[in-house]
Number of protein chains: 2
Amino acid sequence: MNLKELAQHLNLSPTTVSRALNGYPEVKETTRRRVEEAAREFNYMPNAWAKGLATGRSMSIGHVMPTSKMHEMVNPVFGDFITGASETYVKEGYDLKLTPVDDGDEAQRYRALRTRGNVDGFIVHGPHLTDGRIALLREIGLPFVVHGRASNMPADYPWIDMNNRRAFERATALLIELGHRRIALVNGLEHMDFAHRRREGFLAALASHGLVPDPALMRGGEMTERLGYRAAADMLDGTSPPTAFLVSSMVTAIGVRRALHERGLELGRDVSVIIHDDDLGYLRNGDDVPIFTATRASVREAGRRAAEMLLRMIRDPACAPLQSLMEAELILGRSTGPAPR
Amino acid sequence: MNLKELAQHLNLSPTTVSRALNGYPEVKETTRRRVEEAAREFNYMPNAWAKGLATGRSMSIGHVMPTSKMHEMVNPVFGDFITGASETYVKEGYDLKLTPVDDGDEAQRYRALRTRGNVDGFIVHGPHLTDGRIALLREIGLPFVVHGRASNMPADYPWIDMNNRRAFERATALLIELGHRRIALVNGLEHMDFAHRRREGFLAALASHGLVPDPALMRGGEMTERLGYRAAADMLDGTSPPTAFLVSSMVTAIGVRRALHERGLELGRDVSVIIHDDDLGYLRNGDDVPIFTATRASVREAGRRAAEMLLRMIRDPACAPLQSLMEAELILGRSTGPAPR
DNA sequence: TTGAAAGCGCTACCAC
DNA sequence: GTGGTAGCGCTTTCAA
C-alpha cells in the first residue's frame with residue numbers, strides 16, 4: 001500500500017494525504033483523522049527511498065567505529081550506548097547505520113556515506129587524543145556528536161563523555177588518604193582519549209598531595225587480562241613495589257589479581273586496588289574492591305542523550321553545540337584496602 | 001555531481017553512463033573507461049535513494065538483535081561477527097542497519113523495516129530454542145540468515161553456527177577420560193540455543209560413558225562472574241561436590257575460580273576445569289586451563305560467510321538455503337587437570 | 001482546505 | 001552501442 005493507493009481509497013489527493021500524515025497545519029481535523037485511521041488500518045508506511053529522494057534527508061544516522069581496537073570500546077560500553085541511542089532513533093523514525101572501519105580508510109568511508117546521501121549525521125566512537133575525524137567531519141559538513149572527547153583538538157564540537165579525569169582523581173586521592181604513597185596505574189591505551197584523561201586525573205591527585213609520579217608504576221595498553229598480569233608482575237617484582245593499584249577495567253584487574261595471588265599477596269590485606277569499569281552487571285568480581293563505574297543504565301542514558309543532541313542539530317543546523325559530562329559513580333567495596341605495609 | 005551532470009560533461013546520455021558504471025556489457029570498452037575515469041575524477045557517487053527507488057533494492061542489511069540479553073551475544077562475539085560481515089558488505093556496496101530491539105516488539109520492527117523498504121535481508125542474532133522470529137521472517141518474505149540455530153524449529157532455514165554440542169561433548173569426554181565422575185556444568189541461559197546445545201553435548205558424553213547426570217551439578221544463567229561463583233559455591237558446599245567443572249564463558253569461570261580459591265582448593269591440583277569461550281584475545285586468564293574456543297578470527301570469518309550467504313540469496317532468491325557449521329578449536333592449557341581425589 | 005503537477009536521481013524499457 | 005523517456009513514491013510549489 002503506497003500513498004497513491006491510500007489516497008484513492010480515501011477519495012483524496014496524494015498531496016492531502018501526505019500533508020495529513022506529516023502534520024501540516026492546513027489540513028482539516030476531520031480529514032486528518034480519517035487519513036490517520038486509514039493509514040493505521042492498511043498498515044501504511046511511507047517508502048523510505050522515495051521519501052529520502054524527495055526530501056534529501058535519509059532518516060538514518062551513521063555510527064562509525066574503528067575496528068582494530070574494537071574491544072576497547074565495544075566491550076561493553078558500545079552495546080549499551082547504542083541501545084540507548086536506538087531508543088531515541090526509533091521514537092523519531094531514524095535508522096542506525098553501523099560502519100566498522102579499519103583505522104586506515106576512515107576518510108573514504110565517511111565521505112562515501114556523505115556523498116551517497118546515506119546518513120544525516122554521525123556518531124563518532126572511541127576518539128583518540130588527536131583525532132583527525134573531527135576535522136574531517138567538519139569539512140564534510142554533516143552534523144556529528146562525539147562519544148568521548150579528543151583532548152588535543154579545539155573543544156568546539158559537540159560531545160558526550162564520562163568524567164574519566166575526575167573519577168581517577170578521586171580514586172587516587174582516596175588511596176592517598178588511606179596512607180598509600182606508591183600507587184600503580186594500569187591504564188588503557190593512552191592515545192585513546194579516555195585513557196589519557198584517566199592518567200591526567202591520576203597525576204593531578206598525586207601532584208596536589210605533593211607526590212612525585214614514578215614512571216615504573218605507570219603502564220598502559222590494550223585492556224586485557226594479560227596486560228594486568230604483566231604490569232602487576234613487573235611492578236611487584238621491581239625494586240620498590242606499589243602498595244596500591246588503580247586499574248582501568250575489570251578484566252585488567254583480574255590479571256592484577258592473578259599476579260598478586262601468585263606472590264602470596266592478598267588483596268585487602270597486603271595491597272589496595274581500585275577499579276574503574278563501565279560494565280558492572282556483567283563482570284562484577286565479588287564486591288570486595290571499590291569501583292568507579294558508569295553503570296549500564298547511565299551508558300544507555302548517554303546514548304540516548306547523544307542521539308537527541310544529534311537529531312536537534314540535524315533539525316536546526318544553526319543550534320549551538322551541546323556538550324555533556326557525566327559523572328562516574330563510586331561503589332565502595334567491602335574493603336577499601338589497608339594502609340600500606 | 002550527479003549522473004546527469006556527469007553525462008553532460010562527457011557528452012553522453014545518462015543511460016550510457018549508468019550502464020558503463022554498472023557493468024552492463026553493451027558499452028564500448030573505450031567509453032566505459034572514459035566514464036569510469038571521469039567518475040573517479042569528479043568523485044561521483046550515485047545517490048542511494050534514487051537508486052533504491054528505481055531498483056527497489058535498498059542495498060542494506062538489517063542486523064536485529066534482542067537487547068534484554070544483549071551481553072550474552074554482544075560480548076564479545078557480536079563485535080567480531082559484525083566486523084566480518086561488514087567486510088563483505090563494504091566490498092559489495094551494502095550498508096549494515098543495526099536494530100537493537102526489545103524482546104517484546106520484534107514483530108513490529110521487522111515488519112516496519114520490510115514495509116518501509118529499508119533492508120534487503122536480515123541477519124538474526126541470538127536465537128532462542130523456540131524462536132518465533134524464524135516463522136515471522138519467512139512470512140515477511142525477505143531473505144535471512146540466522147547466526148546460530150533454533151533447535152525446536154524445522155531446520156530448513158539458512159544458518160551459520162559454531163558446533164557447540166560437539167565442543168562440549170569433547171570437553172566432557174576429556175574430563176571423563178581423566179577419571180572424573182562428578183562433573184559440573186555451568187552453562188549460559190538454557191533457553192538460548194547455544195546453551196541448550198552445549199548441555200546436550202555434555203549429556204551425550206556422560207551417557208555414552210554410562211554416567212548418570214546429577215541435576216545438582218548442572219546450572220544455567222546469564223554468563224556473569226556472579227553466576228560462576230554462586231554455582232560453584234553451592235556445588236562445592238553440597239553433599240557430593242564435583243571434581244571437575246565445565247564452564248561456559250571465561251567470565252563465569254572467573255567466578256568459579258573465586259569459589260575454589262575461597263575454599264582453599266587449587267585448580268589443577270584439587271579440581272579440573274575446562275572453559276568454553278569465544279573471546280580468546282581479550283580475556284585469557286593465564287594459560288593454565290584448557291579452552292574450547294571460537295577464535296576471534298573464526299568468528300569474523302563466520303560473519304563474512306553469513307553475509308555472503310545472505311547476499312547470494314538476495315541475488316538469487318531461488319537458491320538453496322546454505323547451512324554452515326564451524327568447529328571450535330581446543331587449546332590445551334599447561335595442566336589439563338588431575339585425576340579426581 | 002484541497003488538488004495538479006513538477007521534480008528528486010536513477011534505472012530499464014524501447015527505439016534507433 | 002547509444003539515447004530518449006517513463007516511471008519508482010514521495011514532497012512541495014503553485015493554483016484553485
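Keep in mind that this is a model prediction, so the values were computed, not measured. To find a chain, count down the sequence lines: A is the first, B the second, and so on, and within it residues start at 1.
Taking all atoms of both residues into account, the shortest heavy-atom contact from A:Arg133 to A:Pro127 is NH2-CA, 3.5 Å. In terms of heavy-atom proximity, B:Asp131 sits nearest to B:Ala150 at CB-CB, 4.0 Å. Considering all non-hydrogen atoms of both residues, B:Pro321 and B:Asp156 come closest at CG-O, 3.8 Å. A:Arg138 and A:Tyr157 make their closest contact through NH2-CB, 3.7 Å (heavy atoms, listed as atom of the first residue, atom of the second, distance). Taking every heavy atom of both residues into account, B:Gly84 and B:Arg304 meet most closely at O-CG, 3.2 Å. When every heavy atom of A:Ile160 is checked against every heavy atom of A:Ala302, the shortest pair comes out as CD1-O, 3.6 Å.
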(Q) Under the criterion salt bridge (charged side-chain N to carboxylate O under 4.0 Å, His left out), I'd like the reasoning laid out for B:Glu37 against B:Arg40: C-alpha separation, chi angles, the key distance, then a yes or no. (A) CA-CA 5 Å; B:Glu37 209 154 294; B:Arg40 221 182 344 269; 5.1 Å; no
Please tabulate, for side-chain N and O atoms in residues 305-314 of chain B, each donor-acceptor pair with protein atoms closer than 3.5 Å (sequence neighbours left out).
from	atom 1	to	atom 2	distance (Å)
B:Arg305	NE	B:Glu301	OE2	3.3
B:Arg305	NH1	B:Ser324	OG	2.7
B:Arg312	NH2	B:Ala320	O	3.4

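Judged by distance alone, the side chain of A:Glu5 and the main-chain N or O of A:Asn2 form a donor-acceptor pair under 3.5 Å. Looking only at distances, no side-chain donor or acceptor of B:Ser18 sits under 3.5 Å from a matching main-chain atom of B:Pro14.
Checked against salt bridge (Lys or Arg N to Asp or Glu O under 4.0 Å), B:Glu41 has no partners two or more places apart in sequence or in another chain. In this view, A:Arg34 satisfies the salt bridge (Lys or Arg N to Asp or Glu O under 4.0 Å) rule with no residue, not counting sequence neighbours. Evaluation of the side chain to side chain donor-acceptor pair (under 3.5 Å) rule for B:Thr88 yields no partner, not counting sequence neighbours. Scored by the salt bridge (Lys or Arg N to Asp or Glu O under 4.0 Å) test, B:Asp95 finds A:Lys97, A:Arg116 as partners (sequence neighbours excluded). For A:Glu139, the salt bridge (Lys or Arg N to Asp or Glu O under 4.0 Å) partners are A:Arg111, not counting sequence neighbours.
Each end of the helix from C:dT1-D:dA16 to C:dC16-D:dG1 yields a helix axis from five base pairs, and these two axes differ in direction by 40° (to the nearest 10 degrees).
A heavy atom closer than 4.0 Å to some atom of DNA chain D occurs in A:Tyr44, these being the qualifying members of residues 37-45 of chain A. Sorted by residue number, the members of residues 20-31 of chain A with any non-hydrogen atom under 4.0 Å from DNA chain C read A:Glu26, A:Val27, A:Lys28, A:Thr31.
Whole-Å rounding puts the A:Met59 CE to D:dT11 P distance at 11 Å. Distance A:Arg57 CZ to D:dC10 P: 15 Å, rounded to the nearest Å. Between the P atom of D:dC10 and the CH2 atom of B:Trp49 lies a distance of 14 Å, rounded to the nearest Å.
Reading DNA chain C from its 5' end, the first and the last nucleotide to sit under 4.0 Å from a heavy atom of chain A are C:dT1 to C:dG9.
By the 6.0 Å contact criterion, CD on B:Gln108 is open, its count of non-hydrogen atoms from other residues, nucleotides or ligands being 12 or less.
Within the structure, a side-chain polar atom (N or O) of A:Ser18 is placed less than 4.0 Å from OP1 or OP2 of D:dT11.
A donor-acceptor pair shorter than 3.5 Å cannot be found between the side chains of B:Asn118 and B:Ser58.
Ring centroids of A:His63 and A:Tyr89 are separated by less than 6.0 Å, placing the two rings close together.
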Using a cut-off of under 3.5 Å, enumerate the N/O to N/O pairs linking the protein to nucleotides 14-16 of chain D.
none

What pairs of nitrogen or oxygen atoms, one from the protein and one from nucleotides 5-8 of chain D, lie under 3.5 Å apart?
from	atom 1	to	atom 2	distance (Å)
D:dT5	O4	B:Thr15	OG1	3.3
D:dC8	O2	B:Ala54	N	3.4

